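By convention in this document, chain letters (A, B, ...) are assigned in the order of the sequence lines, proteins followed by strands, and residues within each chain are numbered from 1. Model, not experiment: these values are computed from the prediction.
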Amino acid sequence: VSVSTGRAARLFLRSLLLQAGFGDERRQGLGFAWAIDPELREAYAGDAAGLSRARARHLAPFNASPAAGGLLLGAAAHAEARAASGDAGAEARVRAIKTAFAAPLSGAADAFFWGSLRPLAAASALFVFLAGRRWGLPHPFACGILVGLAAFNVPALAARWLGARRGLDAGEAAAASAAALPVRYWTGVARAAAAVTLFAGCFLALSLPFGVRPALAATAFAAGAGFARPAGGTLALIGAAALLGAAASASGLAP
Amino acid sequence: VSPLALDAAGAAALALLELDEASVGPLLLSRPFVVAPAIGAALGSPWSGAVLGAVFELVTLSELPLGGRLDLSAPVAAGVAAFLAAGPAALPLAAAFPAGLAAGWAHARVERVLRRRRGAAARRAEAALAAGRPPRLGRELAGALAAQAAAVFVLALAVFALAGPALSSVWPRLPETVRAGADAAFGAAPWLGAGGLAASLWRTA
């Protein structure tokens, strides 16, 4: 039986606050417990002891990629409904969904949404800012921000919505079928698109009258590419650039 | 609008946007490419905001917020820098950049403290369940969100109202060497960040 749109919408909206109580001890545990609570109240209506046990289960430490939150919440709610109706193995399946399924799903979702779509969104927004400046396009900032937000949020919110709906509908089967999606391929495509957009933005920035010297920009780019990781991050290199600039000024090598 | 009212409005806007970083969503509304141009545009200097947004975005983008990692609060850094450059302090971009970095670093430390304390909310909910009462999960989450927003508001307001005017007065009097170092850091930052990001995309592809 397909779940109602209202239930899926409620879980989807609550999944947006999955991280609201994020802490070192329980991670997203508090947010997960709050998001799933209406489902638990419906499943355990008339069974106060069962409801109390289920609520306690979901206060346990939990951590997942926010984009996978809708699916994991939906699948856990589905299993809780089965547990409330007397399915003896359903409680164990709730735990499996929040541990065994959550880890690989989150790994794939983090690589795609954080590691690929987020750079693509930012690079797209910056490219539109620069293109607006270069070719005098109207409202470059609003357009850039909208393009960047859409690049990330259309897939991210779709994943949450479809995940919540299918998780409520099919439980762990939905989580298993999500794990079979070609996320690695999507991740590679999004990374390539982010890299191309980043390079295009860099070349566009050099063509604008920002006073950037191409040789210095290329040197800094190469230093960032080669040394940011060994140096412990970009901030260390920025500190080194500050020292070099100050030294050049003190020695009279730079104005 | 009095300067303090403007500072408070800027701090409140930043506090609301920052909630998207690790509390609500995330929908990327807290990323520097959104926060800094929005603050710059609201203060009548969209390009200052956009340039700072681009720099902070490139510097922080290759750091993934996985497992609760928190080295620098990018939204606070970008928002503070944009406000200091486009707001009443009117700092040069090269001065607003390190001020934003310092504010982002400070906020990351404040948030670590907030995250350490949030375990108590779950324990209160468990105690309520053990006593046979329904846990007030919504209230606990609302409290966490309010504390998060309040921390950003207080930090940003302090920077805008106190550090902004002080930096505005001190910056022109600093030795030329110091200002040249800041200029070099600001000029190199987006290219260093873009290089680091390109390498990160290449490595993980």
Item checked: chain A contact via B/P26 - side chain, backbone, both or neither, heavy atoms under 4.5 Å -> both
Checklist line | Gap between atom CZ of A/F152 and atom CG of B/L28 - 0.5 Å precision | finding: 4.5 Å
Check: Shortest non-hydrogen contact from A/P66 to B/G25?
Finding: CB-O, 4.3 Å
Margin query: Does any backbone or side-chain atom of A/A33 lie under 4.5 Å from a heavy atom of chain B? Answer side chain, backbone, both or neither.
Written below: both
Item checked: Structural part of A/F199 lying under 4.5 Å from a heavy atom of chain B -> side chain
Notebook entry, point to check: Which pair of non-hydrogen atoms, one from B/L192 and one from A/A220, has the smallest distance, and what is that distance?
Noted result: CD2-O, 3.2 Å
Note to self: Need one label for A/L244: side chain, backbone, both or neither, based on atoms under 4.5 Å from any heavy atom in chain B.
What the structure shows: neither
Notebook entry, point to check: Taking atom CG of B/L141 and atom CZ of A/F22, what is their separation to the nearest 0.5 Å?
Noted result: 13.5 Å
Margin query: Could you measure the distance from the CG atom of A/L243 to the OG1 atom of B/T177? Nearest 0.5 Å is fine.
Written below: 12.0 Å
Check: When only heavy atoms count and the cut-off is under 4.5 Å, which of residues 40-48 of chain B reach chain A?
Finding: B/P46, B/W47
Margin query: Tell me the closest heavy-atom pair linking B/W191 and A/A205, and the distance in Å.
Written below: CH2-CB, 4.1 Å
Check: Can you find a pair of side-chain heavy atoms, one from B/L137 and one from A/L59, that are under 4.5 Å apart?
Finding: yes
Note to self: Using a 3.5 Å distance criterion without hydrogens, assess whether the side chain of B/R116 forms a donor-acceptor pair with backbone atoms of A/D24.
What the structure shows: no
Notebook entry, point to check: Out of B/G119, B/A120, B/A147, which one racks up the most heavy-atom pairs below 4.5 Å with chain A?
Noted result: B/G119
Notebook entry, point to check: Quick one: which residues of residues 40-56 of chain A reach chain B at under 4.5 angstrom, heavy atoms only?
Noted result: A/S52, A/R55, A/A56
Checklist line | Within residues 84-98 of chain B, residues adjacent to chain A where the heavy-atom gap is under 4.5 Å | finding: B/F97
Next item on the list: Against chain A, label B/R117 side chain, backbone, both or neither, depending on which of its atoms sit under 4.5 Å from a heavy atom there.
Entry: neither
Next item on the list: Look up atom CD in A/Q19 and atom CG in B/L145, then write down how far apart they are to the nearest 0.5 Å.
Entry: 11.5 Å
Next item on the list: Check whether B/V34 gets within reach of chain A through its side chain, its backbone, both or neither, counting any heavy atom under 4.5 Å.
Entry: both
Margin query: Given heavy-atom pairs under 4.5 angstrom as the criterion, report whether the side chain, backbone, both or neither of B/P134 touches chain A.
Written below: both
Next item on the list: Kindly state each residue pair satisfying salt bridge (Lys or Arg N to Asp or Glu O under 4.0 Å) with at least one member in residues 119-135 of chain B, sequence neighbours excluded.
Entry: A/E25-B/R123, A/R26-B/E126, B/R124-B/E140
Checklist line | Distance, nearest 0.5 Å, that separates CZ of B/R118 from CG of A/L30 | finding: 9.5 Å
Next item on the list: Counting only heavy atoms closer than 4.5 Å, note whether B/L58 contacts chain A via side chain, backbone, both or neither.
Entry: side chain
Next item on the list: Answer with side chain, backbone, both or neither: which region of B/L114 has an atom nearer than 4.5 Å to a non-hydrogen atom of chain A?
Entry: neither
Note to self: Can you tell me how far apart CD (B/E57) and CZ (A/R118) are? Round to the nearest 0.5 Å.
What the structure shows: 7.0 Å
